[in-house]
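Both ligands and their constituent atoms are indexed starting at 1 by order of listing.
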Amino acid sequence: MQKPFVPEVAVIGGGLAGCEAAWQLAERGHKVDLIEMKPVRMSPAHTTPLLGELVCSNSLRSDDPQTPAGLLKAELRAARSLIIACADAARVPAGDALAVDRLQFSRQITALVVGHPNIRLRRQLCDDLPALPCILAGGPLLEGGAARTLRRLCGDRLYFYDAIAPIVEADSIDYDRCFRGSRYHQGEEGDYLNCPLNRDEYYAFVEALLAGRKVTPHRFEEPRYFEGCLPVEVMAERGPETLSFGPMKPVGLVDPRRPGELPYAVVQLRAENRYHTAYNLVGFQTRLAYPEQKRIFAMIPALHQAEFVRFGSIHRNSYVEGHKVLDDSLALRAAPHIHLAGQITGVEGYIESTAMGLLAAVLLHDKLAGLPLSLPPATTAIGGLYHHVTAPRLHGEKYVPMNINFGLLPPFEGKPAKRAGKRGRRALHAERAREHLPSWLHKIGVEVAAPADLLGDAEQDGGGVVDAAEA
Ligand SMILES: Cc1cc2nc3c(=O)[nH]c(=O)nc-3n(C[C@H](O)[C@H](O)[C@H](O)COP(=O)(O)OP(=O)(O)OC[C@H]3O[C@@H](n4cnc5c(N)ncnc54)[C@H](O)[C@@H]3O)c2cc1C
């Protein structure tokens with residue numbers, strides 16, 4: 001007689017993070033109930049009953065390990081990620097990027113998850129979070145009572161919308177065209193970098209904002225803006241001077257190099273991370289299309305060569321303020337048996353969500369096994385994401401969902417790193433992460449990857465899943 005399936009752990013949400021988490025727990029010997037609402041209930045963005053569905057692009061971004069996305073994938077591959085193995089197996093030609101045949105990709109995930117003897121898939125809407133230790137991976141469009149429970153546990157630290165201003169690399173700012181200081185405290189080492197515009201520059205900028213191409217919101221993302229965080233282009237529509245009385249207000253900001261002159265308008269930049277390697281444009285949340293942001297924000301003189309760590313956006317997105325509500329194991333402080341994974345932790349993107357699924361499972365396994373938590377080194381891409389989610393914020397630093405970027409990793413100090421230039425520093429990041437990853441892999445029970453494996457070609461690990469039966 002078949003033994004009854006007695007789950008030890010529940011995972012809610014069979015997306016990228018949930019499947020990764022369920023798989024990692026199952027591979028470590030835990031019996032997992034995976035609860036997915038599709039097709040009983042479909043989010044506005046999902047269209048198939050398959051697990052691990054990609055809701056938009058079929059690209060998992062660059063596979064070059066000297067880029068942030070490539071490094072993260074290399075680390076996930078080395079940590080034996082299910083999602084990356086399935087992506088490798090479903091790969092379609094896309095230059096340096098890892099793009100996939102989305103149906104093949106999701107079918108393989110579904111087949112492998114359903115076929116795992118330690119996983120039971122239950123297709124139902126999860127309204128009440130289980131009393132079992134669980135991982136909530138309901139994604140950016142979390143539905144039903146689970147969202148209400150999370151709201152009760154996190155209060156106003158749970159958000160349902162993103163309103164994100166663009167973030168630029170510190171190295172790409174023209175420091176000759178901006179000055180440091182806080183409002184009314186010119187000349188001091190202030191918290192802001194102030195980018196002045198004269199009258200002509202300001203008017204040209206406002207005109208470009210008005211004419212710039214905007215992203216059309218999805219049907220389920222009809223604009224419901226809060227007055228306090230209107231998109232800059234919506235403010236510009238209210239009148240040509242609205243911005244100069246709003247986020248571009250110059251009062252109290254005098255350039256110490258021009259003490260008698262008040263700029264016509266000022267864009268303020270604030271440090272985005274504790275390393276001061278990236279700055280956000282304060283109050284510049286926007287729905288401008290990405291290429292338009294690049295073009296139009298380059299009209300701010302200090303940003304004429306700006307490199308964007310991430311573009312501004314406004315969309316529906318459920319996420320918590322991780323460092324306020326989660327403990328080191330990614331569990332809710334208010335309910336320590338509930339762990340969060342995926343986009344809902346405050347990361348953004350397919351591979352970032354996958355990484356936070358893998359990590360949540362590894363940390364829950366440690367807890368169940370009575371082991372010390374295997375926290376990833378801050379110098380790795382996985383560690384950078386983990387620290388983004390859990391580390392306390394600098395004074396005034398806003399918590400915004402993040403794609404992986406090298407600004408999340410500790411910078412390199414000293415002249416050699418400065419002289420190395422941007423490309424050289426990317427190589428340094430990849431090299432350091434490659435050195436530091438194996439000790440963590442060892443802790444999480446994965447055979448230490450040889451460097452060639454970590455940085456090697458994508459086909460290496462995917463072979464085992466190519467023949468998986470279709471769902
Ligand atoms: C419209 C849209 C477009 C996007 N485009 C991109 C893109 O092009 N590139 C990119 O990198 N990222 C994109 N993202 C972000 C991307 O969705 C996420 O990064 C990623 O899919 C999140 O993974 P996840 O596992 O956290 O959530 P998901 O993959 O969304 O999985 C969550 C799962 O939980 C299920 N679920 C939700 N609530 C419940 C419940 N109460 N009970 C049971 N099951 C539940 C859902 O059905 C879903 O299967 C987009 C997001 C959206 C909303």
Side-chain angles (χ1 to χ4, degrees), residues 10-23 33-62 68-69 72-73 81-83 87 97-100 102 105-106 109-110 113 121-130 134-151 160-162 215-221 290 310-311 313-320 330 340-361 385 389 401-404:
V11 174
I12 298 128
L16 300 174
C19 288
E20 186 68 54
W23 180 263
D33 252 352
L34 175 59
I35 305 170
E36 168 54 52
M37 67 179 185
K38 296 192 303 178
V40 183
R41 175 131 152 205
M42 302 293 279
S43 87
H46 292 83
T47 57
T48 78
L50 295 168
L51 302 178
E53 182 177 343
L54 301 178
V55 287
C56 191
S57 162
N58 68 334
S59 169
L60 278 67
R61 317 209 299 279
S62 172
L72 181 59
K73 279 195 287 295
S81 154
L82 166 77
I83 298 299
L98 173 55
V100 300
R102 68 176 72 234
F105 170 71
S106 295
I109 294 171
T110 309
V113 167
L121 175 63
R122 294 170 60 193
R123 294 203 178 258
Q124 64 186 65
L125 175 72
C126 173
D127 259 334
D128 292 322
L129 295 178
C134 67
I135 292 183
L136 176 58
L141 306 172
L142 176 68
E143 294 271 332
R148 285 192 293 280
T149 306
L150 198 56
R151 179 82 198 191
F160 293 103
Y161 270 85
D162 264 349
V215 172
T216 317
H218 290 97
R219 186 174 40 82
F220 55 93
E221 293 183 314
Y290 290 174
R310 69 162 297 165
F311 289 103
S313 65
I314 298 180
H315 55 220
R316 203 183 131 188
N317 185 18
S318 308
Y319 68 97
V320 298
L330 301 177
L340 263 49
Q343 181 135 331
I344 205 161
T345 60
V347 298
E348 182 149 309
Y350 299 149
I351 53 170
E352 291 81 352
S353 301
T354 299
M356 294 310 287
L358 187 143
L359 208 43
L385 285 176
V389 167
M402 271 290 178
N403 283 128
I404 183 65

### Message
Rounded to the nearest 0.5 Å, what separates atom CG in Asn317 from atom CZ in Phe160?
### Response
10.5 Å

### Query
Do Leu16 and Gln343 come within less than 4.5 Å of each other through their side chains, counting heavy atoms only?
no

### Query
With respect to atom 24 (P) of ligand 1, which of Ala45, Gly139, Pro39 exhibits the smallest heavy-atom separation?
Gly139

### Query
Can you tell me if Ile344 has a non-hydrogen atom under 4.0 Å from ligand 1?
no

### Task
For residues His315 and Glu348, determine if any side-chain heavy atom of one lies less than 4.5 Å from a side-chain heavy atom of the other.
yes

### Task
For the residue pair Glu143 and Pro44, establish whether any side-chain heavy-atom pair is separated by less than 4.5 Å.
yes

### Message
Is there a side-chain contact between Leu385 and Thr345 in this structure, where contact means two heavy atoms from C-beta onward sitting under 4.5 Å apart?
### Response
no

### Query
Quick one: which of Gln124, Glu143, Arg316 has a heavy atom closest to atom 38 (N) of ligand 1?
Glu143

### Task
Using a strict cut-off of 4.0 Å, indicate which atoms of ligand 1 neighbour a heavy atom of Ala17.
25 (O)

### Query
Charged N to carboxylate O under 4.0 angstrom, Glu352 versus Arg61?
yes

### Message
Can you tell me which portion of Gln343 lies within the under-4.0 Å heavy-atom range of ligand 1? Options are side chain, backbone, both, or neither.
### Response
both

#### Entry: Part of Ala137 with heavy atoms under 4.0 Å of ligand 1, whether side chain, backbone, both or neither
backbone

### Message
Is there a polar contact, in the sense of an N or O pair closer than 3.5 Å, between Glu36 and ligand 1?
### Response
yes

### Any Ser43 heavy atom less than 4.0 Å from ligand 1
no

### Task
Quick one: look at Ser57 and ligand 1, take heavy-atom pairs under 4.0 Å, and tell me if it's side chain, backbone, both or neither.
both

